[in-house]
Amino acid sequence: MEGGKKQQHHHHHFVLIHGVCHGAWSWYRVSTALEAAGHRVTAPDMAGCGASPGRGEEVASFEDYSRPLLDAVAALPEGEQAVLVAHSFGGQSLALAMERHPEKVSVAVFVTATMPAAGKPMTYAFNQLSQGKGPDFFMDCALGSAGDPRNPDKTFLFGPKYMARRVYQLSPPEDLTLGIAMVRPSRRFLNDDTMNGDVLTPARYGAVRRVYVVAEDDEWKPAEMQRLMASWNPGTEVMGLQGADHMPMFSKPRELSELLMVIANKYPGS
């Protein structure tokens with residue numbers, strides 16, 4: 001029994017990737033729990049997000065947006081593998097990191113995240129998610145444009161009513177208040193070369209072990225859509241999180257933290 005307890009305390013390095021309009025701050029509950037259990041946590045702000053300088057609307061490309069994550073993974077010491085965990089839009093940055101550095105990822109965890117398919121552009125997943133959602137679905141969210149006026153990109157900012165109804169509806173009210181105060185506009189990168197290119201290969205992106213954590217009560221990204229994305233990627237293990245809205249790090253922080261540690265122990269690095 002003592003040996004079993006020790007097994008639970010193997011130290012892992014978790015890299016936590018936030019979702020659209022959010023920042024590293026959204027992981028504060030999970031980061032605290034993982035660090036209290038003795039693990040190392042890296043939670044970068046993507047370009048133009050969280051506490052990073054500059055405006056999200058001005059980030060030139062998806063590559064630039066994802067650069068903080070790509071640099072963090074590239075900087076891992078030779079032979080070290082990390083547990084990469086992405087939320088929501090962060091799944092696309094995670095996919096790019098998996099393609100660039102598959103040898104540095106022990107397991108990739110998608111938490112109600114956009115999960116691209118190898119051999120298809122990353123915008124394919126976005127387009128599937130958007131089907132059937134008219135402008136009324138997004139309530140008071142602010143939709144705009146940025147970039148080249150001849151071929152503008154869409155920008156997005158959560159509205160308070162939308163956040164309360166479809167994103168944080170099961171989360172503590174103080175976390176909704178924090179989210180409303182902290183979200184920042186972000187580009188969608190729908191016209192981006194990387195997002196539309198053939199960049200995710202079965203040999204690299206497809207070779208990384210992966211787990212999809214389904215937020216069963218997500219009002220924005222329904223559970224059936226989450227499972228559909230996982231089905232595009234053969235070998236993906238699917239785990240459900242009951243009572244979790246689109247922000248499981250707030251609605252179910254203890255359960256999510258414990259699940260991440262279970263996953264890390266199940267898929268240790270080489």
Side-chain angles (χ1 to χ4, degrees), residues 15-22 44 46-47 49 56 59-74 82-133 153-156 186-215 218 220-239 246 248 263 267:
V15 179
L16 308 180
I17 308 153
H18 64 78
V20 70
C21 301
H22 286 66
M46 298 298 104
C49 298
V59 177
S61 67
F62 183 68
E63 175 97 16
D64 290 345
Y65 173 85
S66 305
R67 178 57 53 198
L69 170 65
L70 299 175
D71 287 349
V73 176
V83 180
L84 270 55
V85 184
H87 173 244
S88 194
F89 185 82
Q92 292 164 125
S93 297
L94 168 55
L96 191 57
M98 293 161 68
E99 176 68 28
R100 298 284 176 82
H101 305 288
E103 75 287 353
K104 293 182 177 290
V105 187
S106 61
V107 59
V109 186
F110 292 76
V111 180
T112 188
T114 303
M115 189 181 205
K120 293 184 181 294
M122 285 190 275
T123 49
Y124 174 80
F126 176 86
N127 291 335
Q128 294 296 308
L129 286 168
S130 301
Q131 286 186 4
K133 292 181 179 176
D153 185 25
K154 291 182 179 179
T155 62
F156 180 79
S186 180
R187 290 183 63 169
R188 294 284 189 86
F189 301 105
L190 298 179
N191 300 330
D192 184 85
D193 289 345
T194 299
M195 290 282 280
N196 287 286
D198 185 16
V199 299
L200 300 180
T201 64
R204 296 179 68 82
Y205 167 70
V208 178
R209 299 179 297 187
R210 67 199 69 198
V211 176
Y212 199 104
V213 176
V214 176
D218 191 333
W220 180 18
K221 190 177 293 176
E224 56 269 24
M225 185 66 219
Q226 298 174 55
R227 288 187 165 86
L228 176 62
M229 289 187 291
S231 74
W232 298 340
N233 295 274
T236 301
E237 181 174 3
V238 177
M239 299 181 174
H246 188 68
I263 293 169
Y267 297 97

So W232 and M115, do their side chains get closer than 4.5 Å, heavy atoms only?
no
Legend entry - Note, M225 side chain near D218 side chain (heavy atom, < 4.5 Å): no
**Prompt:** With a 4.5 Å heavy-atom cut-off, do P44 and V15 have their side chains touching?
**Reply:** yes
Note to self: Using side-chain heavy atoms (C-beta onward) and a distance below 4.5 Å, is V83 in contact with Y267?
What the structure shows: no
Between N233 (side chain only) and G206 (backbone N and O only), is there a donor and an acceptor less than 3.5 Å apart? no
R209 side chain vs S106 backbone, donor-acceptor pair below 3.5 Å
yes
Tell me, do T114 and F126 make a side-chain contact under 4.5 Å, heavy atoms counted?
no
Exercise for the section: Kindly indicate whether the side chain of T112, heavy atoms from C-beta on, has any atom under 4.5 Å from the side chain of P248. Expected result: yes
| message | Closer than 3.5 angstrom, by distance alone: can the side chain of R204 be matched with the main-chain N or O of R100 as a donor-acceptor pair? | response | yes
Item to complete: Step by step, work out the side-chain hydrogen bond (donor to acceptor under 3.5 Å, both in side chains) result for N196 and T123.
Response: CA-CA 6 Å; N196 287 286; T123 49; 3.1 Å; yes
Heavy-atom nearest pair, A125 first then P116, reads CB-CA, 4.3 Å
OG (S66) and CE (M46) are apart, to the nearest 0.5 Å, by 6.5 Å
Closest heavy-atom pair, A47 versus P68, reported as atoms and distance to 0.1 Å, is N-CG, 3.9 Å
The side chain to side chain contact (heavy atoms under 4.5 Å, CB included) partner of T194 among L200, L96, D64 is L96
Is the count of non-hydrogen atoms from other residues, nucleotides or ligands lying under 6.0 Å from D71 atom CG greater than 12? yes
Could you check whether any side-chain N or O of D153 sits under 3.5 Å from a backbone N or O of F189, counting only pairs where one atom can act as donor and the other as acceptor?
yes
The reported gap from CE in M122 to CG in D198 (rounded to nearest 0.5 angstrom) is 10.5 Å
Correct closest heavy-atom pair for M98 and V208 would be CE-CB, 3.7 Å
Heavy-atom closest pair (V59 atom, R187 atom, distance to 0.1 Å) is O-NH1, 2.9 Å
Separation between CD (Q226) and OG (S231), nearest 0.5 Å, reads 12.5 Å
Under the 3.5 angstrom rule, does the side chain of K154 hit a backbone N or O of R188 as a donor-acceptor pair?
no
Separation between CD1 (I17) and NE2 (H87), nearest 0.5 Å, reads 12.0 Å
*asked:* Could you tell me if the side chain of I263 sits less than 4.5 Å from the side chain of V85, heavy atoms only?
replied: no
**Request:** State whether the side chain of Y205 and the backbone N or O of P102 hold a donor-acceptor pair below 3.5 Å, judged by distance alone.
**Result:** no
Between R227 (side chain only) and V214 (backbone N and O only), is there a donor and an acceptor less than 3.5 Å apart? no
* Check whether the ring centres of F156 and F89 lie less than 6.0 Å apart, and answer yes or no. => no
Main-chain N/O of F62 paired to D192 side chain as donor or acceptor, under 3.5 Å | yes
(Q) Is it the case that the side chain of Q92 and the backbone of M195 share a donor-acceptor pair, with hydrogens and angles ignored and the cut-off at 3.5 Å? (A) no
* **L129 and M229, any side-chain heavy atoms less than 4.5 Å apart** => yes
Output for pair (E63 CD, D193 CG), nearest 0.5 Å, gives 10.5 Å
* Has the side chain of K104 got a donor or acceptor atom that lies under 3.5 Å from a matching backbone atom of A97? -> no
Residues S93 and Y65: closest non-hydrogen pair is OG-CE2, 3.7 Å
In this structure, CG of L16 is separated from CG of L84 (nearest 0.5 Å) by 9.0 Å
